[in-house]
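Beneath this line is the structure, given in structure tokens, with notes to follow.
Here is how names work: the chains are called A, B, and so on, in the same order as the sequence lines, proteins then strands, and each is numbered from 1.
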Amino acid sequence: MEGSIAGVRETFKSGRTRSVAWRKNQLRAVIDLINENEQTIYKVLHQDLGKDPAESYRDEMGVILKSANYALSCLDKWVAPKKAELPLVFFPAKGEVLPEPLGVVLIFSSWNFPISLALDPLIGAISAGNAVVLKPSELAPACLSFFIETFPLYLDNKAVKVIGGAADVGERLLELKWDKIFFTGSPRVGRLVMTAAARHLTPVTLELGGKCPAVVDAFASPSKTKVIAKRIAGGKWGLCSGQACIAVDYLLVEEKFASTLIELLKKNIKRFYGGNLGDLKCISRIANKHHFERIYHLLEDPHVAASIVHGGSADEERLIIEPTILLNPPLDSEIMTEEIFGPLLPIITLNNIEESIEFINSRPKPLVIYAFTEDGTFKKRILSETSSGTVTFNDVMVQFVCDSLPFGGVGQSGFGRYHGKYSFDTFSHEKAVLHRAFFPELEPRYPPWNDFKLRFIKLAYRFDYFGLILLLLGLKKP
Amino acid sequence: MASEVEKKAVFDTESAKEVVKELRASFVAGKTKSYEWRVAQLKALLKMMEENEPQIAAALRDDLSKPELESYIYEIAMLKNSCRLALKEMKHWIMPEKAKTSLTTFPSSAEIVSEPLGVVLVISAWNYPFLLSLDPVVGAIAAGNAIVLKPSEIAPATASLLAKLVANYLDSSCIKVVEGAVSETSALLEQKWDKIFYTGNGRVARIVMAAAAKHLTPVALELGGKSPVIVDSGINLQVSIVLILPHVCFLCDLHADILICVFQVATRRIIAGKWGCNNGQACISPDYIITTTDYAPKLLDSFKHELERFYGKNPLESKDLSRIVNSNHFARLSKLLDEDKVSGKIVQGGERDKTNLKIAPTILLDVPLDSLIMNEEIFGPLLPIIMVDKVEDSFDVINSSGTKPLAAYLFTNNKKLKEKFVAKVSAGGLVVNDTTVHVAEHTLPFGGVGDSGMGVYHGKFSFDAFSHKKAVLYRGFACDAFVRYPPYTRGKLRLLQALLGGSLLSIIRALLGWS
């Protein structure tokens, strides 16, 4: 493994990955990889997670095609140097900021969106001209095998590699020196990655998770309320059965509105996913036994179990847990302190929806805050008084496909960002370049120092051009 | 006597916890977020400098024997400029930035909102102890954070002056200075911060980042490296006419020989960047020179001539040179000079005064690439000149070191060489035909890459370094795309494919069932 990675570094040194033509070729290759293997990808995603083709396309393949096409159309613009305005004292001079690849980058991707969370950062790394080593999660084994098989067929094998294996392989990779590490996963492993990166002063981007709340204000219009319930029901269980870093983890709603919302959610669950455990459809399964047990265990606390108002059953053999809604489980229970990452939705009622701000602030900063409200003042309060990676008003999940918005966390939900140009930037070094001329030459820059020179430089620093002229003409009083 | 002892209580983990707790309470109460508060703090910093310039210069003289002009210009004036720029531009920096949305999320609008990270830790270095402490603080204030500043104990006079001035001028419920050395810094590093901004060396940077990793705290590390200067023989060393008119020179008391219009611009600029910047103890000082074998003698002559013009025949007595900061660094630099394979290569200077911690501007010619002096950041007044056959070979010398420096410099008139330099040399920042001046340019991001660090600051980049850029998406209720929702059908899949593709035509086709 170390040998093949050394080969990747040699390839980067040769300068091959820097050429814009190479980058565009690789991006087109990613597009071909997806398009020419559509049915296979549906198959492996179904194998690993039980995803329906529509879900697979919407959340994985479509995202990658969109990212790659966007990068292709913008690449020439992104690689161009950006001019920096310089003040007159520097005249004549030219300043610019030039993006360059960092070098050889390591990407760790996670198992819940095994295609998109692997290839989306890869697109960014390639656009920025890097050589890439990708270590996908072994917990999505069919997708991992798919990558191992197809990468050499489509991508430049000397510069873009995929490495399989489990945690031990990850550890070995972390001992090596990288020019950047991009990690998607849990905070626990994020800490290990950053600690390892510190040994080599490797910059990192950590895309983590957290408990993403959805604040639901009362709406006067019943039709809007229906849309809200639809969006929440679709977003919570329709994307990998709640196993998403941006899934709605819990709801905050006013007491008097709770039952309406619960009824609407139940209706939508039935409509989208089916009436009971036996005929559940269009919903992913839980990734594996370990996670199944972890999630199911959250319901074992008797107080938590007592708060279930819908669902709660599970099929251990098929690794399916049905969409479950809970009303006011104890706030100190595990389901309310740990990231759920599964199809359980606690609803916490408040006397007044404004209390949601304090509730959210007393917990670690999440990746997203969802807020359903029409109240302009409340929107402003949420924006200015809470902190999260993103805030989405009146919908869930869709911020993920918005290329002009940076996607990333803050605090415990991570740092660094990507999507669109942010992906390019995250894998680039923005090199400052200043071109100076030999003429004119300012004598006061040099020792031996004297009072005239001191005054000259002080005026220069203030960009006091008039004062400088006066000084030179001997007309400036000390 | 007893109360003095009590006052100097040990700053341990408990004390660090208390400080963070207090600052966090202030931050949560919203004190630092208000625009008025930020303006008041920046104005207070300006006032602090205006009312204490001589004290600041005196502390810098104590710590580094820093020439007065360097103190005023490179520490005070630069910091004043940072404050003034922030005061002028902050309103714009704080404003949300509109972001475009596409057909895929129609109807929607989006923006990016800057918000403070929270409670931040700034650890600064000893060589520009005033500037490197407060320049990041300016950025942190402008971005609305609460701050702990830990100045370097290796510049103790400046550290204690900073502690006093910050307590007197700034809001101490939100901005604190913690003095101390390794144990105090360790106590601080155990706490949870929302950002750590560290200026210093790679060894300590690794410790800082590892400590930050425990809390998933983002870091900015402003480090150093061996900043090379490539000097192309193509340049005319004797260029340029003095800017100042002859009769003005007379009025202003300049040396009469400046009236003679012959200068050696490149050499002077290298000297200014090397010995004129804290006597080579600066992260962006030229570390070593690469030039062609043919040109080296000419270059060396030029250096000798200009060095004497700047610092006189006895540079150890020149008031215009900082001293070496302490005996540890003096010993370190002496060791570099005393190494067997290097000691015979000194061609200029080499004089040392151990008592006064002074080393004269020293140039070495043709040191071996595997010598100590060529394998660690010099950070002192020693300048090796490495010779190559063709000037293009310099790029291999630089890139073969395996590390990327904070800055790299090139002196040439050759356009192709400039282009090659910019394309082939990776460093934090590059300057063509000058040294170090890019640090004063606030529209250029200042920071390293690889071993020279991560993160940037100066100007708006400082504001950004201490901000979280929060993405905000506003969605409407109309046009709720039914394709988003199960049950999934083939038709929905087609439409979804078209919708994600974003092309209006394919969406229409899918809707009409034509795809």
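- Counting heavy-atom pairs under 4.5 Å between each of A:Asp179, A:Leu86, A:Thr195 and chain B puts A:Leu86 at the top.
- For A:Phe219 and B:Phe477, the distance between ring centers is under 6.0 angstrom.
- Between B:Leu69 and A:Leu454, the shortest heavy-atom distance links the atoms CD1-CA, 3.6 Å.
- Of the listed residues (B:Lys424, B:Lys492, B:Lys469), the greatest number of heavy-atom pairs within a distance under 4.5 Å of chain A belongs to B:Lys469.
- For A:Ser387 against B:His468, the heavy-atom pair with the smallest separation is OG-CD2, 4.4 Å.
- For the pair B:Arg475/A:Val398, a side-chain contact is recorded, criterion being any heavy-atom separation below 4.5 Å from C-beta on.
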Could you pull out every donor-acceptor pair under 3.5 Å between side chains of residues 400-411 of chain A and any protein atom, sequence neighbours left out?
{"unit_1": "A:Asp403", "atom_1": "OD1", "unit_2": "A:Lys66", "atom_2": "NZ", "d": "3.1"}
{"unit_1": "A:Asp403", "atom_1": "OD2", "unit_2": "A:Lys66", "atom_2": "NZ", "d": "3.2"}
{"unit_1": "A:Ser404", "atom_1": "OG", "unit_2": "B:Lys100", "atom_2": "O", "d": "2.2"}

Check: residues 431-439 of chain B side-chain donor-acceptor pairs under 3.5 Å, at least two apart:
{"unit_1": "B:Asn433", "atom_1": "OD1", "unit_2": "B:Thr412", "atom_2": "N", "d": "2.8"}
{"unit_1": "B:Asn433", "atom_1": "ND2", "unit_2": "A:Arg436", "atom_2": "O", "d": "3.4"}
{"unit_1": "B:Asn433", "atom_1": "ND2", "unit_2": "B:Thr412", "atom_2": "O", "d": "3.0"}
{"unit_1": "B:Asp434", "atom_1": "OD1", "unit_2": "A:Arg445", "atom_2": "NH1", "d": "3.2"}
{"unit_1": "B:Asp434", "atom_1": "OD1", "unit_2": "A:Arg445", "atom_2": "NH2", "d": "2.9"}
{"unit_1": "B:Asp434", "atom_1": "OD2", "unit_2": "A:Arg436", "atom_2": "NE", "d": "2.8"}
{"unit_1": "B:Asp434", "atom_1": "OD2", "unit_2": "A:Arg436", "atom_2": "NH2", "d": "3.0"}
{"unit_1": "B:Asp434", "atom_1": "OD2", "unit_2": "A:Arg445", "atom_2": "NH1", "d": "2.8"}
{"unit_1": "B:Thr435", "atom_1": "OG1", "unit_2": "B:Arg269", "atom_2": "O", "d": "2.7"}

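- Considering every non-hydrogen atom in both A:Lys431 and B:Val422, the closest pair reads NZ-O, 2.6 Å.
- Contact of the B:Asn81 side chain with the A:Phe463 side chain is registered, since non-hydrogen atoms from C-beta on lie closer than 4.5 Å.
- The two residues B:Met209 and A:Thr202 come nearest to each other via the heavy atoms CE-O, 3.1 Å.
- At a 4.5 Å heavy-atom cutoff, A:Pro81 makes no contact with chain B through either its backbone or its side chain.
- Contact annotation for B:Ala212: both backbone and side-chain heavy atoms come within less than 4.5 Å of a heavy atom of chain A.
- The most heavy-atom pairs under 4.5 Å with chain A, out of B:Lys214, B:Arg84, B:Glu111, B:Arg490, come from B:Arg84.
- Side-chain contact between A:Pro187 and B:Leu216 is present, with at least one heavy-atom pair separated by less than 4.5 Å.
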